[in-house]
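Data block below; observations after.
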Amino acid sequence: MRLSVTVTPDDIKPDSKWSLTQGLDTIGVVERYDWPADSRFAGTPFELWTPGSPKTPVPRFASLEEATEAADEVAEQRARTSHLMPFEAHRETYRGSEITLTFHPATAGDRWRRPSYHSATLDGRPANCPAGPQETVVKKLRKAIDTRRADEDLLPMLRPLVDSRPNVKGMPGWDDGAAPKVGDVAYVWARGMCRRGRVVAVARTRATVAYVTASNPTRVHRKADKFDELVAG
């Protein structure tokens, strides 16, 4: 039933790459590779990539028609299990916080289209929801919770350090290859001032300083800079 699949040549590689769409959704991409004659893939040069499919092994076919028919089967399965209304796609409790993810299907009008997307709540409150597949969105939301928990632990240590000044000339820093350690107090240039905070991460040549401001001592900011740009506080 190829009527449900539209095959569109790629703008850059029209002779070797095709996009397969069903309605508003891209259900797959077919790409042809010119394998050497003695390759075990020479007889199946067409590779089919579909959303959510494992990256390996990639289904291979002898012709574009065979790959399109396989994509059509995927399309029919998607149609049988598709949702026309938003629905709760994921719910979990992570480190004491409840993550709820809602999937909103794609919609379209005569002259407009809105692609599918996710919305999220943390502990029942709307949260900024990153774009991407569901697994990626959940990972990023967990990371946001990790950051929030880390901020809660840092606040009691950062509030007594609140200080900002136009410059820190004459104060010692980390020069000549020296590096700060996690927990050191340091000044970092951020938001137009030198801000005093605590080193929370150290990489090969840069360190991240967490700090709060006098105007908003409940929000933790982070700024990374080179070792020789930091000043001991």
Exercise. Please assess S97 against R149 for the test side chain to side chain donor-acceptor pair (under 3.5 Å), listing each intermediate value before the final yes or no.
Key: CA-CA 10 Å; S97 294; R149 293 287 186 267; 2.8 Å; yes

What's the spacing between [X] [atom1] and [Y] [atom2] if we round to 0.5 Å?
X    : Y    : atom1 : atom2 : value
Y211 : L154 : OH    : CG    : 13.5 Å
E69  : L64  : CD    : CG    : 10.0 Å
C194 : R165 : SG    : CZ    : 8.5 Å
D151 : L155 : CG    : CG    : 6.5 Å
S164 : R196 : OG    : CZ    : 10.5 Å
Y33  : E31  : OH    : CD    : 3.5 Å

Exercise: do [X] and [Y] side chains pair donor with acceptor under 3.5 Å:
X    : Y    : answer
H118 : T102 : no
R219 : T213 : no
D123 : T121 : no

Quiz item: Who else is in L141's hydrophobic cluster (ILVMFWY, side-chain heavy atoms under 4.5 Å, direct or via others)?
Solution: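 Result for L141 is Y94, I99, L101, L122, V137, V138, I145.
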
Within the side chain of [X], is there an N or O that forms a donor-acceptor pair under 3.5 Å with the backbone of [Y]?
X    : Y    : value
S63  : E66  : yes
S39  : W35  : no
R198 : G183 : yes

Quiz item: What class does the angle between the rings of F87 and F103 fall in, given that below 30° is parallel, 30 to 60° is tilted and above 60° is perpendicular?
Solution: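 Geometry flag for F103 against F87: tilted rings.
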
Quiz prompt | Cationic N near anionic O, under 4.0 Å, R148 to D146 | solution =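 Salt bridge: no.
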
Quiz item: Do R32 and D34 sit within salt-bridge range, that is, some charged N less than 4.0 Å from a carboxylate O?
Solution: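 A salt bridge links R32 with D34.
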
State, to 0.1 Å, how close [X] and [Y] come at their nearest heavy-atom pair, and which atoms those are.
X    : Y    : value
A70  : F61  : CB-CZ, 3.5 Å
V220 : A210 : CG1-CB, 4.0 Å
A89  : Q134 : CB-OE1, 3.4 Å
A42  : P36  : CB-O, 3.4 Å
A232 : M171 : O-CE, 3.6 Å
R195 : A190 : NE-O, 3.2 Å

In terms of hydrophobic clustering (I, L, V, M, F, W, Y; side-chain heavy atoms under 4.5 Å; direct or indirect links), are [X] and [Y] co-clustered?
X    : Y    : value
L158 : Y187 : no
V182 : F227 : yes
L230 : V200 : no
M157 : V162 : yes

Looking at side-chain heavy atoms only, is the closest gap between [X] and [Y] below 4.5 Å?
X    : Y    : answer
T100 : E98  : yes
V29  : L20  : no
H104 : S116 : no

Exercise. Would you kindly check if the NZ (Lys) or CZ (Arg) of R60 is within the cone defined by 45 degrees around the ring axis of F46 and under 6.0 Å from the six-membered ring centre?
Key: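 No; the conditions do not both hold, so R60 does not lie above the ring face of F46.
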
Would you say that more than 12 heavy atoms from the other residues, nucleotides or ligands in this model lie under 6.0 Å from the [atom1] of [X], or not?
X    : atom1 : value
D11  : CG    : no
R40  : CZ    : no
N128 : CG    : no

Self-check item: Residues that V199 engages under side chain to side chain contact (heavy atoms under 4.5 Å, CB included), provided they are two or more places apart
Solution: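 V199: side chain to side chain contact (heavy atoms under 4.5 Å, CB included) contacts with P180, D184, A186, V202, A207, V209.
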
Quiz item: Can you check salt bridge (Lys or Arg N to Asp or Glu O under 4.0 Å) on R206 and E229, steps first, answer last?
Solution: CA-CA 9 Å; R206 302 167 70 89; E229 295 292 334; over 6 Å; no

Exercise. With sequence neighbours excluded, tell me which residues meet side-chain hydrogen bond (donor to acceptor under 3.5 Å, both in side chains) with E92.
Key: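 Result, side-chain hydrogen bond (donor to acceptor under 3.5 Å, both in side chains) vs E92: H90, R142.
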
